[in-house]
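Below is one structure, written out as structure tokens; the observations come after it.
Residue numbers start from 1 in every chain, and the chains themselves are labelled A, B, ... in the order their sequence lines are given, proteins ahead of strands.
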Number of protein chains: 2
Amino acid sequence: MNVTSKQIAELCGVTRGTVDRALNNRPGIHPDTRDKIMRVAEELGYRPHFLAQSLVKGHTKTLGIVLFDIHNQIFSQLFHAFEAEARKRGYIVYLVLSNRDKELEMEYINNLFDRRVDGIALLPANDNKKFESFLLRSRTPIVTFGNRLFGPFPYIWINDKQAICDSVAFLADQGYRHLIYLSPPLMRKGKENIYVPEQRYQGFIEACAEIPAMRFNVIAHKQYLTELETLLETIDSKCAILCSSDVYALEVLKWLKARKIRVPDQVGLMGFDNIEFLKYINPSLTTVDYNVNEIGTKLADLLIRRINDEEVPVETLIDHHVLQGESVMSE
Amino acid sequence: MNVTSKQIAELCGVTRGTVDRALNNRPGIHPDTRDKIMRVAEELGYRPHFLAQSLVKGHTKTLGIVLFDIHNQIFSQLFHAFEAEARKRGYIVYLVLSNRDKELEMEYINNLFDRRVDGIALLPANDNKKFESFLLRSRTPIVTFGNRLFGPFPYIWINDKQAICDSVAFLADQGYRHLIYLSPPLMRKGKENIYVPEQRYQGFIEACAEIPAMRFNVIAHKQYLTELETLLETIDSKCAILCSSDVYALEVLKWLKARKIRVPDQVGLMGFDNIEFLKYINPSLTTVDYNVNEIGTKLADLLIRRINDEEVPVETLIDHHVLQGESVMSE
DNA sequence: CTGTTAGCGCTTTCAG
DNA sequence: CTGAAAGCGCTAACAG
């Protein structure tokens, strides 16, 4: 069914070299033969065999993007922007989900290498040196985001530490004197790459340490709700729960509602990411907002520029700001 | 950097044919030479060139999936399941987003054809005959979902018409005597493939027609909220708004809250899809629930079976049921 | 301006 | 058991 350049050559009574010159309009061919070849190609609905082309050209116009999963809406928004930019620049993208499984992540990346993707956008779950040298060995351009590696891999995200510092400062401003930082990913410390959770955590610790009157706790548990329950009973000052991402804040909010604990009257609540779904939540959630579409677009841009051997900054940090909602209140 | 079978052949003093026999453990090779070749391959970290392999084998172990977008969570859930099943069966997947753009959809599908994907899972935005014959011409296995074509393309989804009939029956049971069906996608009638919206619409009309006491309206507008506002003022009987998907129901709920119209006291509200995020919504939304993970998994399964030339049913319908939430109430 | 040749990396058939 | 040769479909360098 599929017509090849060889067939066109035979039909036109020329050789494949000539057909190639016409098809890829390169110089050195008589206008008449070119026209004829183009007409025949058109009629037969000729389409070049992409794999064969890739094999000889050495590139595939394909990008891979590795995410943990796509349940957290922040990543589907990011993907959408990434895909759109990739398309505009002529690339198609493989989306693979590692489910935070380190083995699976390596398997997938290997598979992407085998398929000769031109570049990979990576949200890494692995973090050791072995992994990094594995990535380096392939010489495939890689840009990381949302979690950092320490080899020479460009990174794009936000300044997480600063964002949490800003959040703490904001809550302090509103009169909160006791903060609970909730970040279940921290429990995977030593097991997985938790660069970003760690950054946020440090931001929290440092910011709190600088405010003399501030008391604080950290919850880094799978069973964070039960821990929260016991904790909440012991606190008497004005207290807020700062979550490392909106999805946890939503879980907490749901739980608080079930317990008839009023937000923000009895306890303040703050998330992180400003995912689109927040617009349907009451009370509206105070959160850290940043332009994830911009990240997705720039991620693709950086990757493609690396593919084209252009210089790209090793670190690109997008702006963020605290977005005030009804889930916290002043005095 | 990348080691080829040719290099291994030279190093082992054999020919590439022999190397191939070892690597793909085929019969007709001396155990010793096999061992040696395997050892050398291992040491050099040999990995077969996937594109070259595909070129000669005639398959790519690649699936394409075409979605409108990934903002509606129902589709990210579906993708997750699809991807997981594909991986288990040895496939990697291209995710492309048509944004409901018919031109773009064709471009993308052409691109997937060019790349010789083994099969495509398609949520079609196009619907005319030209499009279908275009799809057929390529002879690439295609399975559709979420919107139907009428060529011989297997289809998997739910029985949408029945689901809306069930919803209407349910609402009637609860004592509602006036229903507003809200389905903005209907406005694209004649412009795009709206098979599923149409099915749901017909379910609504037919079900209402069978209930003598029932009055009803349909909103199929982009500016559905303003239309809703004027409509609501004219209604005196117990009324519910039935939305063609949860995302519209959430928009409506948000708007009603802003207008201080209480759900379900003043008006009932019902969605469709039961997306995961609903668990964070108050009042909890009455909706139509179905197992979208099952759809994603079966979609991949059907597609792969078609690729393997197995017979697959032309239509696979997953169960659904009305899930009662607090957004509707009896008498 | 066009044909010939070699090659991308792998598989497969046919001899030996 | 192994080598030689052809081919997947396309590109590119070199002659003519």
[X] near the nucleic acid: base, sugar-phosphate alone, or nothing, with a heavy-atom cut-off under 4.0 Å?
X: B/Ile29; result: sugar-phosphate
X: B/Phe50; result: nothing
X: B/Thr33; result: sugar-phosphate
X: B/Arg116; result: nothing

Under the salt bridge (charged side-chain N to carboxylate O under 4.0 Å, His left out) test, which residues partner [X], sequence neighbours left out?
X: A/Arg305; value: A/Asp301, A/Glu310
X: A/Arg100; value: A/Glu192
X: B/Lys102; value: none

**Study point:** chain B footprint on DNA chain C, 5' to 3' - any atom under 4.0 Å from a heavy atom
**Key:**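 Under 4.0 Å from chain B, the extent on DNA chain C is C/dG9 to C/dT12.
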Review point. According to the interplanar angle, ranging from 0 to 90°, do the rings of B/Phe145 and B/Trp157 count as parallel (below 30°), tilted (30 to 60°) or perpendicular (above 60°)?
Key: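 Taking B/Trp157 first and then B/Phe145, their aromatic rings sit tilted (interplane angle of 30° to 60°).
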Review point. Counting heavy atoms not belonging to B/Lys129, are there more than 12 under 6.0 Å from its NZ?
Key: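 Counting other residues, nucleotides and ligands, NZ of B/Lys129 exceeds 12 neighbours.
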Check your understanding: Between B/Phe134 and B/Phe113, is the ring centre distance below 6.0 Å?
Key -> yes
Check your understanding: On DNA chain C, nearest-nucleotide positions of B/His49 versus B/Arg21: which is more 5'?
Key -> B/His49
Practice item. Write down the atom of B/Pro197, the atom of B/Pro185, and the distance for their closest heavy-atom approach. Key: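 Taking every non-hydrogen atom into account, CG-CB, 3.8 Å.
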Study note, to complete from the structure: chain B vs DNA chain D, heavy-atom contacts under 4.0 Å, first-to-last nucleotide span, 5' to 3', is D/dC1 to D/dC8
Point to revise | Flag, side chain of A/Arg47 to backbone of B/Asn111, donor-acceptor distance under 3.5 Å | key: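 Not at all, since once roles are kept as given, no pair shorter than 3.5 Å links the two residues.
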Check your understanding: Is a salt bridge present between B/Arg87 and A/Glu107, judged by a nitrogen-to-oxygen distance below 4.0 Å?
Key -> no
Exercise for review: Mind listing the residues from residues 9-20 of chain A sitting with a heavy atom below 4.0 Å of DNA chain D? Number order is fine.
Suggested key: A/Arg16, A/Gly17, A/Asp20
Check your understanding: With a 3.5 Å cut-off and no angle check, do the side chains of B/Asp114 and B/Asn110 form a donor-acceptor pair?
Key ->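 Note: B/Asp114 and B/Asn110 side chains miss the donor-acceptor criterion.
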Exercise for review: Decide salt bridge (charged side-chain N to carboxylate O under 4.0 Å, His left out) for B/Glu311 and B/Arg306; before the verdict, give the C-alpha distance in whole Å, the side-chain angles of both, and the deciding distance to 0.1 Å.
Suggested key: CA-CA 7 Å; B/Glu311 281 292 330; B/Arg306 275 247 33 222; over 6 Å; no
